[in-house]
*Asks:* 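My structure is below; once you've seen it, I'll send some questions.
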Amino acid sequence: MAEKNTANIGFEKQIWDAACVLWGHIPASEYRNVIIGLIFLKYISTAFDKKYQQLVAEGDGFEDDPDAYLEDNVFFVPEDARWDKIAAAAHKPEIGTVIDDAMRAIEADNKKLKNVLPKNYASPDLDKRVLGDVVDLFTNMDMGETEGNRDVLGRTYEYCIAQFAEKEGKGGGEFYTPSSIVNTLVSILKPYSNCRVYDCCCGSGGMFVQSAKFIQAHSGNRGSISIYGQEANPDTWKMAIMNLTIRGLDADLGAYHADTFTNDLHPTLKADFILANPPFNYNPWGQDKLMDDVRWKYGIPPASNANFAWIQHMIHHLAPNGKIGLVLANGALSSQSGGEGEIRKKIIEDDLIEGIIAMPPQLFYSVTIPATLWFISKGKKQKGKTVFIDARKMGHMVDRKHRDFTEEDIQKLADTFEAFQNGTLEDEKGFCSVATIQDIAKQDYVLTPGRYVGIEEQEDDGEPFEEKMTRLTSELSDMFERSRELENEIRRKLGAIGYEI
């Protein structure tokens with residue numbers, strides 16, 4: 001998570017710590033849904049109660065009128081789903097059934113949540129005593145007086161999603177794109193009010209949330225964007241709907257989960273902004289069923305890798321002046337297999353590639369390989385030119401496994417991209433460079449940033465070369481000598497306890 005907005009979290013971590021009480025008391029496959037469902041239920045009940053108390057204080061008798069809540073984008077929570085009833089049953093044997101009934105009551109009153117909320121709390125595999133303890137912990141957290149309640153719960157939700165991604169390791173990050181990457185995409189694309197935003201593999205919906213935040217931060221209405229998405233994994237699709245609902249964002253994610261390639265749920269959509277983090281090197285993706293598909297304008301992608309199927313799908317759904325920001329594995333920059341090189345060449349020659357950013361490794365929870373951000377635009381400001389940025393040295397290590405960007409890192413990338421668009425960017429050796437289509441053609445249409453930005457120049461320290469080499473070789477000789485001493489010491493100590501090398 002980004003250093004400046006979540007490193008010093010308190011409230012979010014309290015909920016996560018409470019949730020961890022369940023760890024080991026429930027099958028791993030069910031854990032995420034159980035906790036996410038409780039966070040959702042606690043949030044909407046808290047938001048409802050806050051509005052209920054306000055309406056009672058006003059004294060106009062509207063506290064039981066659902067329309068009075070909808071005006072403020074607050075769910076009218078039916079009586080059976082309110083947290084006080086759940087809290088009262090925390091240590092009763094039927095607590096699981098009470099929570100399941102609450103979920104059903106909410107779905108009955110809110111059609112867009114039908115068959116979305118988890119209803120597995122009565123399962124015999126879930127220890128009801130431990131579940132009651134978690135309910136107590138949630139109950140004792142004072143959410144009602146927290147400033148910006150929706151944002152706090154939304155951030156909590158985002159924080160817990162990130163923790164699940166980390167806990168589950170490989171495969172766990174499929175529903176969550178780290179905020180460093182999402183924020184970089186959004187800060188460069190700059191979505192505006194009354195635009196159409198699309199994510200063809202939307203995971204838990206983080207791209208939409210950050211787009212809405214960006215618009216709100218720049219004097220717009222966060223609810224003014226039209227959101228379209230699709231997700232193939234049924235649990236992740238449900239998670240996205242809950243995530244957007246908890247943020248008060250309306251979205252069209254389709255009536256059901258579905259594969260984007262074989263069942264495009266938005267066939268006529270032309271989006272102003274497309275943000276996506278498709279699964280890296282995804283296969284098989286159903287090429288044999290889609291050989292004559294209209295989306296493959298630049299060539300049929302190979303059956304063994306969906307990278308250029310994703311790219312062409314997004315280009316197909318782009319409005320005349322639309323922009324794409326997507327994440328891809330580095331192989332897509334240079335691969336020639338299965339006709340990928342020819343597809344990439346045609347896209348470049350069509351003047352669609354606006355920028356490429358090489359990202360550092362260890363940003364993802366599920367994979368350690370580095371990735372690249374692609375920016376594809378119709379109606380580019382700088383015709384016939386592409387900016388290449390090498391950000392592989394940026395960021396900081398949060399722990400031994402994970403790297404993150406600060407707000408300053410993200411702003412530097414956004415400013416660099418904006419300077420390019422304005423025609424004022426100067427090449428910086430080792431960091432950024434502007435190349436023409438002709439320059440890219442000379443590199444065989446390979447888009448690896450390192451080919452264009454070069455190697456950062458080293459500052460001359462003033463020490464003559466011969467003197468430096470004499471000093472360095474002397475220091476190396478001393479290190480070798482010390483290494484031999486340590487090796488002999490280890491051999492001696494192992495020998496003393498009967499282990500000869």
Side-chain angles (χ1 to χ4, degrees), residues 1-4 6-10 12-14 16-29 31-32 130 159-174 176 178-181 280-281 329-331 358-372 390-406 408-409 430-431 448 450 455-501:
M1 305 292 288
E3 183 179 78
K4 293 239 172 169
T6 51
N8 297 317
I9 47 174
E12 297 97 316
K13 189 174 186 301
Q14 287 181 48
W16 173 252
D17 289 344
C20 285
V21 172
L22 272 178
W23 206 265
H25 295 275
I26 184 174
S29 59
Y31 184 86
R32 187 203 313 164
V130 177
Y159 177 75
C160 288
I161 287 173
Q163 297 306 306
F164 282 120
E166 183 173 11
K167 281 274 189 183
E168 294 175 20
K170 187 176 181 180
E174 65 181 22
Y176 177 77
S179 58
S180 284
I181 292 175
F280 290 178
N281 306 319
N330 284 355
M359 300 293 273
Q362 298 176 295
L363 286 174
F364 287 88
Y365 291 104
S366 53
V367 292
T368 57
I369 63 172
T372 306
D390 189 343
R392 289 177 297 172
K393 293 181 179 179
M394 293 179 68
H396 63 284
M397 296 302 293
V398 178
D399 53 41
R400 289 189 305 107
K401 296 181 179 179
H402 302 124
R403 180 180 295 274
D404 213 341
F405 280 177
T406 62
E408 288 77 13
D409 292 329
F431 177 63
T448 306
I455 300 172
E456 182 180 2
E457 293 182 0
Q458 299 296 315
E459 185 176 341
D460 186 359
D461 58 9
E463 185 177 8
F465 178 77
E466 292 296 335
E467 292 181 16
K468 180 180 288 188
M469 286 304 296
T470 300
R471 176 178 59 80
L472 291 176
T473 52
S474 174
E475 290 175 1
L476 187 59
S477 176
D478 291 342
M479 290 178 185
F480 284 159
E481 181 62 31
R482 178 60 179 153
S483 173
R484 285 190 290 271
E485 291 175 3
L486 290 172
E487 180 183 332
N488 291 332
E489 180 70 9
I490 292 169
R491 288 176 182 274
R492 185 182 63 78
K493 290 189 174 180
L494 286 173
I497 58 174
Y499 294 93
E500 299 289 342
I501 297 178

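The basis for the numbers below is simple: all heavy atoms, side chains too, and nothing from hydrogens, waters or symmetry mates.
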*Asks:* Only counting residues at least two apart or in another chain, list the ones meeting side-chain contact (heavy atoms from CB on, under 4.5 Å) with Thr470.
*Replies:*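 Residues passing side-chain contact (heavy atoms from CB on, under 4.5 Å) with Thr470: none at all.
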
*Asks:* Do Glu485 and Asn488 have side chains that get closer than 4.5 Å, going by heavy atoms?
*Replies:*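 Answer no - side chains too far apart.
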
*Asks:* Would you sort out whether Glu481 and Arg484 count as a salt bridge (charged side-chain N to carboxylate O under 4.0 Å, His left out), showing the intermediate values?
*Replies:* CA-CA 5 Å; Glu481 181 62 31; Arg484 285 190 290 271; 2.8 Å; yes

*Asks:* Under the salt bridge (charged side-chain N to carboxylate O under 4.0 Å, His left out) test, which residues partner Glu489, sequence neighbours left out?
*Replies:*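 Expected list: Arg492, Lys493.
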
*Asks:* Would you indicate whether the side-chain heavy atoms of Phe405 and Pro178 approach each other to under 4.5 Å?
*Replies:*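 Pro178 vs Phe405: side chains apart.
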
*Asks:* Heavy atoms only: give me the nearest Pro360-Ala391 pair and the separation to one decimal.
*Replies:*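 Result for this residue pair: CD-O, 3.4 Å.
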
*Asks:* According to side-chain hydrogen bond (donor to acceptor under 3.5 Å, both in side chains), who are the partners of Arg400, at least two apart in sequence or on a separate chain?
*Replies:*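 So Arg400 forms no side-chain hydrogen bond (donor to acceptor under 3.5 Å, both in side chains) with any residue.
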
*Asks:* The criterion is side-chain contact (heavy atoms from CB on, under 4.5 Å); which residues satisfy it with Leu486, sequence neighbours excluded?
*Replies:*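 Arg482.
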
*Asks:* So, for Leu363 and Arg403, which heavy atoms are closest and what is the spacing to 0.1 Å?
*Replies:*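 Nearest pair, atom of Leu363 first, then Arg403: CD2-O, 3.4 Å.
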
*Asks:* Can you tell me how far apart CE (Met394) and OG1 (Thr406) are? Round to the nearest 0.5 Å.
*Replies:*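 The distance works out to 7.0 Å.
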
